[in-house]
Amino acid sequence: MKNFEGFGLSPALAKSLVHMKYEAPTPIQAQAIPLALDGHDIMGTAQTGTGKTAAFAIPLIEKLLTNPKGSALVLTPTRELGKQIMEIMHQLLGPKSNIKTAFIIGGEPMGKQLKQLRARPRLIIGTPGRINDHLERGTMMLNDTGFLVLDETDRMLDMGFTVQLEKIFKYMPEKRQTLMFSATLPKNILKLSEKYLSNPKRVSVGEVNIVAQNIKQEVIRIEQDKKYKELMLQLHDRSGSVIVFVKTKYGADKMAKNLRRDGFTSDALHGDLRQSKRDRVMQSFRKQNFRVLIATDIAARGLDVPHIEHVVNYDLPQVAEDFIHRMGRTARAGAQGSAISFVSNQDGRKWSAIERLLNPNAANDKGADRSKSSQKPKRKRPNNKKRYYRGKKKAA
Ligand code: AMP
C-alpha cells in the first residue's frame with residue numbers, strides 16, 4: 001500500500017493523517033491496518049520506531065468513528081508511553097472530535113480520572129495496575145469495550161502485570177478484537193496470545209530481536225571506575241542529544257548532577273520522581289533545553305524523541321531484551337543513530353546474554369567475532385584502551 005487512501009478511511013481520519021504529515025504507511029502499518037480494519041486479532045512484532053503506534057491507533061480510531069457505540073482500551077506498561085499514545089490518538093481524532101478519552105495511570109490523583117470516567121469515554125489508555133484498581137472499585141466498566149490493544153506486552157509481563165492483565169480481560173466482553181504488540185516474543189507472550197487472542201494474524205517487521213540497522217554500534221571494554229571519564233570524552237566527541245542508561249535511580253540523579261558540574265546540560269528520569277517532575281523532564285528534553293538525559297530502564301521502552309542521536313549503555317541492562325528497547329530510542333523512523341555500550345569485567349554474563357539475543361549464531365563463535373571486530377578500530381585511543389567496533393549490526 002503506497003498511501004493511506006487505499007485503506008478507505010473515514011474523511012476525518014484521512015484529514016488528520018494529512019495534518020500529521022503521514023503520507024505513506026510504514027511497513028508495519030501496511031500489514032496491520034487492513035487486517036485490523038477487517039476485524040482480525042493481531043499478534044504483532046515490530047522494531048521500535050517503526051510506526052507501531054499508528055499501526056494500532058489508526059484502525060482503533062476508524063472503529064470509534066464508524067461505530068456509534070462501543071469503546072476501546074489500550075494497555076501500556078509505562079505512563080510515558082501511555083502519554084505518547086494518547087497524543088497520537090488525539091492527533092488522529094482531530095481537534096473537533098467529540099469522542100471522549102480517559103488517561104488512567106498510576107501515580108496520579110484519582111479525582112481527575114474519576115471525572116474522565118464519569119464522562120463515558122470511548123477510548124481509555126492506561127497502565128494495568130490503576131485500570132485494575134478502578135475496575136475493582138466499580139468506577140470503570142469495560143462491558144462494551146470491544147477493542148483491546150496490548151502495547152509492549154513483553155514489558156508489561158516483565159513488570160509483573162500478568163495477574164492484572166488477566167483480571168482486566170475478565171471484565172471485558174469475550175467477543176472482542178484484540179491487538180497485541182510486543183518487541184520480543186518470549187514463551188510467556190506466546191502463551192498469553194494463545195489464551196486470549198482468537199486466530200490472530202501475525203504481523204512482523206524485520207526479524208524479532210534485532211536492533212534497527214541504521215544504528216551504528218560501538219562496544220567499549222572498560223573498567224568500572226573509568227566509565228565516567230570515558231563518558232565525558234564521548235560527549236565531547238559527539239554532538240546532538242544523548243540518552244545515557246544507568247542501573248539505579250540514585251546513580252541517575254548523581255550522574256546528572258556530576259555532568260552539570262562538568263559543563264554538560266543534563267537531567268535525570270527515573271521511577272522515583274513524582275509524575276509531574278517526570279513530565280517536566282521529558283518536556284524539557286523534547287524541547288532540547290538540555291542535551292543529556294540520564295535514565296533508568298523506565299525510559300527504555302517506547303519513548304519517541306526524534307532528536308536523540310546517541311544511546312549510551314553506561315550500565316548494561318538487567319534484562320537482555322531491554323538492550324533492544326534502549327537502542328530503539330535512537331534512529332527513530334529511519335533516521336541515523338549511534339549506540340555505545342560500556343562493558344566492564346563484571347558484565348561478562350550480561351553481555352553474553354545480549355550477544356546471544358542479538359545474534360544467536362555469532363554467539364557460538366564468539367572468539368572469531370571479537371578478533372575480527374578488534375582488527376579495525378575507528379580511531380586510536382590515546383590511552384590504548386581496548387575497543388571493539390562493530391559498525392552496523394545485523395543479526396542472523
Ligand atoms: P512509533 O514506532 O509508533 O513510536 O513511531 C515512530 C515515529 O514515526 C513517530 O515519531 C511517529 O510519529 C512517526 N510515524 C509513524 N508512522 C508514520 C508515517 N506513516 N509517516 C510518517 N511518520 C510516521
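Just follow the structure's listing: the first ligand is 1, and inside any ligand the first atom is 1.
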Which atoms from ligand 1 have a heavy atom of Ala24 less than 4.0 Å away?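 Reading through ligand 1 atom by atom, the close ones are 18 (C), 19 (N), 20 (N).
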Going by the atom numbers of ligand 1, which of them fall below 4.0 Å from some non-hydrogen atom of Thr53?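 Taking each heavy atom of Thr53 in turn, ligand 1 has 1 (P), 3 (O), 4 (O) under 4.0 Å.
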Classify the contact between [X] and ligand 1 as side chain, backbone, both or neither, using a heavy-atom distance cut-off of under 4.0 Å.
{"X": "Phe4", "result": "side chain"}
{"X": "Pro306", "result": "neither"}
{"X": "Gln84", "result": "neither"}

Is there a nitrogen or oxygen of [X] sitting under 3.5 Å from a nitrogen or oxygen of ligand 1?
{"X": "Lys21", "result": "no"}
{"X": "Thr50", "result": "yes"}
{"X": "Ile88", "result": "no"}
{"X": "Gly51", "result": "yes"}

Are any of the side-chain nitrogens in [X] or [Y] under 4.0 Å away from the carboxylate oxygens of its partner?
{"X": "Arg278", "Y": "Glu80", "value": "yes"}
{"X": "Arg326", "Y": "Asp297", "value": "yes"}
{"X": "Glu223", "Y": "Lys229", "value": "no"}

Mind checking salt bridge (charged side-chain N to carboxylate O under 4.0 Å, His left out) for Glu87 and listing every partner two or more places apart, or none if nothing turns up?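 Per chain and number, Glu87 pairs via salt bridge (charged side-chain N to carboxylate O under 4.0 Å, His left out) with no residue.
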Quick one: does NZ or CZ of Arg280 land under 6.0 Å from the six-membered ring centre of Phe285, within 45 degrees of the ring axis?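 No; the conditions do not both hold, so Arg280 does not lie above the ring face of Phe285.
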Given Ser338, which partner from the list His310, Glu309, Lys216 fulfils the side chain to side chain donor-acceptor pair (under 3.5 Å) test?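 Among His310, Glu309, Lys216, the one that satisfies the side chain to side chain donor-acceptor pair (under 3.5 Å) with Ser338 is His310.
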Looking at Arg274, Lys83, Arg79, which one forms a salt bridge (charged side-chain N to carboxylate O under 4.0 Å, His left out) with Asp279?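 When salt bridge (charged side-chain N to carboxylate O under 4.0 Å, His left out) is applied between Asp279 and each of Arg274, Lys83, Arg79, only Lys83 qualifies.
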